[in-house]
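All heavy atoms count here, side chains included; hydrogens, waters and symmetry mates do not.
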Amino acid sequence: MNRQPTAFEQRVYDAIVQIPKGKVTTYKALAEKLNCGSSQAVGQALKRNPNAPEVPCHRVINSQLKIAGYMGKTEGDAVTRKLDLLAAEGVEFDAQGKLSNPACLLV
DNA sequence: AGGGTGACTGCTA
DNA sequence: GTAGCAGCCACCC
């Protein structure tokens with residue numbers, strides 16, 4: 001375990017860490033920032049690297065403005081907790097688990 | 001060295 | 001509005 005993150009992954013984390021509190025971003029926007037045409041690669045970086053508090057990966061959502069997954073799980077308490085974290089940051093979500101306030105979306 | 005997967009996205013039925 | 005298929009890049013086995 002504890003495999004070393006690649007340059008690409010580090011870049012992803014760096015971009016996420018730069019996200020201000022109360023704001024969220026999408027995988028696509030991140031991919032564009034990293035000059036990577038594939039958002040899936042970004043998701044891979046997070047899935048294979050649960051950096052948790054070091055990187056607020058919970059501020060990263062998909063194009064549907066919904067939580068894609070957390071801690072390597074696409075559903076379950078992990079995702080729910082992630083939603084709660086965002087709520088604590090000031091990001092409002094609706095009963096559907098979608099971003100209720102698009103103003104929090106960082107572009 | 002090669003194949004398969006995925007915390008995605010967009011389009012079509 | 002919901003469901004299914006194809007495309008995309010990077011990582012893992």
Side-chain angles (χ1 to χ4, degrees):
Chain A
M1 66 172 273
N2 262 20
R3 49 167 283 288
Q4 315 240 123
T6 66
F8 186 85
E9 292 177 336
Q10 293 237 353
R11 212 149 104 169
V12 177
Y13 307 143
D14 186 59
I16 295 169
V17 170
Q18 287 176 55
I19 301 174
K21 173 174 161 264
K23 294 267 182 188
V24 292
T25 188
T26 64
Y27 292 97
K28 194 173 164 46
L30 231 77
E32 296 264 314
K33 225 180 272 282
L34 304 173
N35 211 20
C36 176
S38 191
S39 44
Q40 209 156 19
V42 180
Q44 278 284 39
L46 298 176
K47 185 200 174 199
R48 300 290 179 191
N49 295 286
N51 297 35
E54 286 208 44
V55 179
C57 30
H58 58 263
R59 285 183 192 156
V60 187
I61 59 177
N62 64 2
S63 281
Q64 295 177 45
L65 305 179
K66 292 190 310 199
I67 306 299
Y70 192 52
M71 284 178 64
K73 297 166 191 311
T74 56
E75 50 176 25
D77 270 16
V79 178
T80 305
R81 211 157 48 229
K82 181 165 169 174
L83 219 81
D84 191 51
L85 267 162
L86 286 164
E89 302 249 321
V91 186
E92 299 177 44
F93 282 84
D94 60 17
Q96 297 177 41
K98 289 182 196 151
L99 185 64
S100 188
N101 188 359
C104 300
L105 181 55
L106 191 70
V107 285

[X] side-chain proximity, nearest of [options]:
X: A:C36; options: B:dA7, C:dA10, B:dT9; result: C:dA10
X: A:T6; options: C:dC11, C:dA10, B:dT9; result: C:dC11
X: A:N62; options: B:dA7, B:dG6, B:dT9; result: B:dT9
X: A:L46; options: B:dA7, C:dC11, C:dC9; result: B:dA7
X: A:S38; options: B:dA7, C:dC11, C:dC8; result: C:dC8

The correct set of residues in residues 74-100 of chain A placing a heavy atom under 4.0 Å from DNA chain C is none
Whole-Å distance between [N] [atom2] and [X] [atom1]?
X: A:L34; N: C:dC8; atom1: CG; atom2: C1'; answer: 15 Å
X: A:Y13; N: B:dA7; atom1: OH; atom2: P; answer: 13 Å
X: A:Q4; N: C:dC11; atom1: CD; atom2: P; answer: 14 Å
X: A:Q40; N: C:dC12; atom1: CD; atom2: P; answer: 15 Å
X: A:R48; N: B:dT5; atom1: CZ; atom2: P; answer: 12 Å
X: A:L30; N: C:dA10; atom1: CG; atom2: C1'; answer: 14 Å
X: A:K47; N: B:dT5; atom1: NZ; atom2: C1'; answer: 7 Å
X: A:Q64; N: C:dT2; atom1: CD; atom2: P; answer: 10 Å

Polar side-chain atom of A:Y70 near backbone of A:C57 as donor-acceptor pair, under 3.5 Å: no
Test your reading of the model: is there a side-chain donor-acceptor pair from A:Q18 to the backbone of A:D14, 3.5 Å cut-off? yes
Any side-chain heavy-atom pair from A:V12 and A:N49 closer than 4.5 angstrom? no
Taking the side chain as C-beta and beyond, is there a heavy-atom pair between A:R11 and A:K33 under 4.5 Å? no
Base, sugar-phosphate alone, or nothing: which one does A:Y27 contact when heavy atoms must sit under 4.0 Å apart?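 Base contact - A:Y27 has a heavy atom under 4.0 Å of at least one base atom.
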Separation between CD (A:Q96) and NZ (A:K66), nearest 0.5 Å, reads 8.0 Å
Side chain of A:Q44, base of B:dT5: donor and acceptor closer than 3.5 Å?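 Looking at the base of B:dT5, it does pair with a donor or acceptor on the side chain of A:Q44 (distance under 3.5 Å).
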My understanding is that only one of A:V24, A:V79, A:L85 makes a side-chain contact (heavy atoms from CB on, under 4.5 Å) with A:H58; could you say which? A:L85
For A:R59 and A:L86, run side-chain contact (heavy atoms from CB on, under 4.5 Å): C-alpha distance rounded to whole Å, both residues' side-chain angles, the deciding distance at 0.1 Å, then the answer. CA-CA 7 Å; A:R59 285 183 192 156; A:L86 286 164; 4.2 Å; yes
